[in-house]
Protein chains: 2
Amino acid sequence: MNNGTNSQLLKGSLSVVILRLLEEREKMYGYEITQKVKELTAGEMAITEGALYPALHKLEAEGLLTTEIQVVDGRARKYYSLTKDGHREAVSRVSELTAFLQNLQTILNVGFKPAL
Amino acid sequence: MNNGTNSQLLKGSLSVVILRLLEEREKMYGYEITQKVKELTAGEMAITEGALYPALHKLEAEGLLTTEIQVVDGRARKYYSLTKDGHREAVSRVSELTAFLQNLQTILNVGFKPAL
DNA sequence: AATTATACCTAAGACTCGTAGGTATATAAA
DNA sequence: TTTATATACCTACGAGTCTTAGGTATAATT
């Protein structure tokens, strides 16, 4: 995951992003995921393929994703879908990450007094 | 940084947390930082010392922090403060991280329709 | 006397990620 | 026609960050 200038930020969130997107879309292929992230963040965030594909392979090896290859317009696409375990993990990891982000926000807002 | 069950989450935020806390407190020592994070997150988040001290040393080596040793109650404390560069970096990195978190939230909220 | 809290530190390994490559097809531009 | 861009997959290497698991030492508590 790449956020413009600072590229070494927030390791560990990529797999959660993948699982979260697949909760909404039934099945997606790698390239589609990269485009979806760009679209959602107005080009501010980009997933590199060197990170994405190993992450997808790992999730598949862990039994959270299954694959299915389709040829569209002469090009092979490898579609990924959540397994049952993948669904469970998606819910679990998203709520974990959300809790973490809230704690992080709390720390970043130290000393900030909101208007009443 | 440790978030209970999931310990391998969001690498890269520790240095920003350190810089942010030091923006508010003038000077802090390592142990104090670990306690402050626990306090702010109601015990949900804990910084491990094996991550904290190397991170502090690196920030010092980068010229963002300076140190000052004081003995209190027979125990030596190593106080860290922001340098001028440290202040600049704190502002810069906090806004970077905030932008990143917003993008991450957007992705996690895919498909979520807020009530109008 | 033993444990807990305070306070610092490091080494080894795990893990994630970016960079930089590689392969191949389809479409668009030059 | 040739070149570039978009699509679509992949891996190896190295950089960086973290956890685990130790170590040292003093003060306070049990």
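Sequence lines set the chain letters: A, B, ... in the order given, protein chains first and strands last, and positions in each chain run from 1.
Dashed line: the shortest gap from a side-chain N or O of A:Tyr53 to OP1 or OP2 of D:dT11 is not under 4.0 Å.
Contact annotation for B:Gly50: base contact, defined as any heavy-atom pair under 4.0 Å involving a base atom.
For B:Arg77, counting side-chain heavy atoms from C-beta on, the closest listed nucleotide (C:dC8, D:dA8, D:dC10) is C:dC8. Of the candidate nucleotides C:dC8, D:dT19, D:dA8, D:dT19 has the atom nearest to the side chain of B:Thr48. Nearest nucleotide to the B:Leu14 side chain, out of D:dC10, C:dC8, D:dC18: D:dC18. Comparing atom distances between the A:Lys58 side chain and each of C:dT10, D:dG16, C:dC15 picks out C:dC15 as nearest. Between D:dA6, C:dC8, C:dA7, one nucleotide has an atom nearer to the side chain of B:Glu49 than all others, and that is C:dC8.
Taking the six-membered ring where tryptophan is involved, the planes of A:Tyr80 and A:His57 are tilted, since the angle between them lies from 30° to 60°.
Nearer the 5' end of DNA chain D, as judged by each residue's closest nucleotide, is the contact made by A:Arg75, out of A:Arg75 and B:Ala55. Two residues, B:Pro54 and A:Asp73, neighbour DNA chain C, and the one matched to the more 5' nucleotide by heavy-atom proximity is B:Pro54.
Checked for salt-bridge contact, B:Lys38 and B:Glu44 miss the test: no charged N lies under 4.0 Å from a carboxylate O.
Straight-line distance from the NZ atom of A:Lys78 to the C1' atom of C:dT23: 15 Å, rounded to whole Å.
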- [ ] Walk me through it: do B:Glu23 and B:Arg88 pass the test salt bridge (charged side-chain N to carboxylate O under 4.0 Å, His left out)?
- [x] CA-CA 10 Å; B:Glu23 274 191 320; B:Arg88 274 196 287 268; over 6 Å; no
